[in-house]
Protein chains: 4
Amino acid sequence: MTLDPDISTPLWRQLVDVLVARIEDGTYRKGGRLPSEVSLQQEFGVARGTVRHALQHLVAEGIAETTNGKGTYVKP
Amino acid sequence: MTLDPDISTPLWRQLVDVLVARIEDGTYRKGGRLPSEVSLQQEFGVARGTVRHALQHLVAEGIAETTNGKGTYVKP
Amino acid sequence: MTLDPDISTPLWRQLVDVLVARIEDGTYRKGGRLPSEVSLQQEFGVARGTVRHALQHLVAEGIAETTNGKGTYVKP
Amino acid sequence: MTLDPDISTPLWRQLVDVLVARIEDGTYRKGGRLPSEVSLQQEFGVARGTVRHALQHLVAEGIAETTNGKGTYVKP
DNA sequence: GTGGTCTAGACCACA
DNA sequence: GTGGTCTAGACCACG
């Protein structure tokens with residue numbers, strides 16, 4: 001899975017879309033843990049800040065919840 | 001009694017404040033023993049490392065004293 | 001350089017001794033930066049917590065100084 | 001699985017025998033990790049000192065190897 | 001890409 | 001059954 005650096009949509013937003021899609025199709029289960037920031041960084045080939053931005057967006061939207069030292073979880 | 005994971009103050013520092021307050025109001029008496037690390041861990045819902053960090057801070061400030069195998073005591 | 005897991009001296013204390021020795025023999029210069037926590041972790045084959053414990057000991061003794069996001073420096 | 005507190009063989013030695021048997025029959029694989037001290041303590045209903053004594057015996061005999069913070073492993 | 005905080009859980013040493 | 005050490009690996013804040 002790779003993102004497209006050329007189109008106008010910001011990378012972090014493309015990433016949000018991918019993550020939301022994966023939550024909806026069950027790749028990431030509700031109540032389950034998302035991959036770590038480093039994993040996502042590597043999988044999508046983006047900077048860590050981008051990953052953090054995307055995850056914080058999910059948290060702000062109430063889709064996910066993050067716990068220090070444990071990871072980011074999909075809300076049920 | 002619970003700590004607040006949202007505000008910027010580190011959990012261990014919040015814990016220090018609570019312990020100091022309890023020493024000052026007499027909940028933990030001078031010369032008496034503080035609850036064990038495991039007790040505090042359970043009461044405040046944090047990891048043992050966080051509890052230890054807070055207790056070591058009290059020791060560094062000369063407020064408490066710790067003895068291996070016995071516990072942590074409030075200095076008179 | 002490796003540490004000895006068998007003897008009773010804690011690993012973090014052995015690490016303190018090595019770092020102090022390197023400061024004294026000029027391997028790490030006064031005013032210069034120490035290797036990052038991750039580097040030391042790899043060089044000595046210990047966990048990052050152990051490295052941090054050793055570095056914080058140097059800071060507590062006034063031998064080094066640490067700046068968030070930049071590194072740990074030997075005091076002149 | 002329970003041990004027999006009545007017979008003259010010390011509990012820790014009975015425990016050693018059980019562990020060795022389990023290594024030989026493959027319940028605990030060579031190179032694999034033994035259950036934690038607390039697990040064994042609960043499974044066999046013995047004190048922690050007994051478990052530690054038995055494990056240290058395995059280590060002394062070169063059957064197992066223990067690493068602080070990780071567990072006790074069966075040597076290949 | 002550094003240091004800072006935190007979690008979870010193991011074994012170690014003391015009493 | 002306490003505190004002491006250690007591992008492994010996560011997210012956070014700074015630069």
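What you are looking at is a predicted structure, and each value in this text was computed from that prediction instead of being measured. Within every chain, numbering begins at 1; the chains are lettered A, B, ... in the order of the sequence lines, protein sequences first and strands thereafter.
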(request) Mind checking which stems touch DNA chain E? I mean at least 3 consecutive Watson-Crick or G-U pairs, both distances under 3.5 Å. (result) E:1-14 with F:1-14
(request) Please figure out whether B/W12 or B/K70 has its closest DNA chain E nucleotide nearer the 5' end. (result) B/W12
(request) Could you check B/G45 against D/E37 and say which one's nearest nucleotide on DNA chain E is further toward the 5' end? (result) B/G45
From the options [options], select the nucleotide whose nearest atom is closest to the side chain of [X].
X	options	value
D/T66	F/dG3, E/dC12, E/dG3	E/dC12
A/R33	E/dT7, F/dA10, E/dG4	F/dA10
D/N68	E/dT2, F/dT7, F/dC6	F/dC6
B/S36	F/dT2, E/dC11, E/dT2	F/dT2

Can you check whether [X] has a side-chain N or O nearer than 4.0 Å to OP1 or OP2 of [N]?
X	N	answer
B/T50	E/dT7	yes
C/R52	E/dG3	no
C/R48	F/dT7	no

Hey, is the main chain of [Y] close enough, under 3.5 Å, to the side chain of [X] for a donor-acceptor pair?
X	Y	answer
B/S36	B/S39	yes
B/E37	B/R52	no
A/E65	A/T72	no

(message) Go nucleotide by nucleotide along DNA chain F from the 5' end; which of C/G69 and B/L34 gets its closest nucleotide reached first?
(response) B/L34
(message) Return whichever of A/T72 or B/T72 has its heavy-atom-nearest nucleotide of DNA chain F closer to the 5' end.
(response) B/T72
(request) Would you mind reporting whether C/F44 and C/V18 have side-chain heavy atoms less than 4.5 Å apart? (result) yes
(message) Is any side-chain heavy atom of A/L58 closer than 4.5 Å to one of A/T66?
(response) no
(message) By the ring-ring contact (aromatic ring centres under 6.0 Å, His included) test, which pairs, at least two apart or in different chains, include something from residues 56-76 of chain D?
(response) D/W12-D/H57
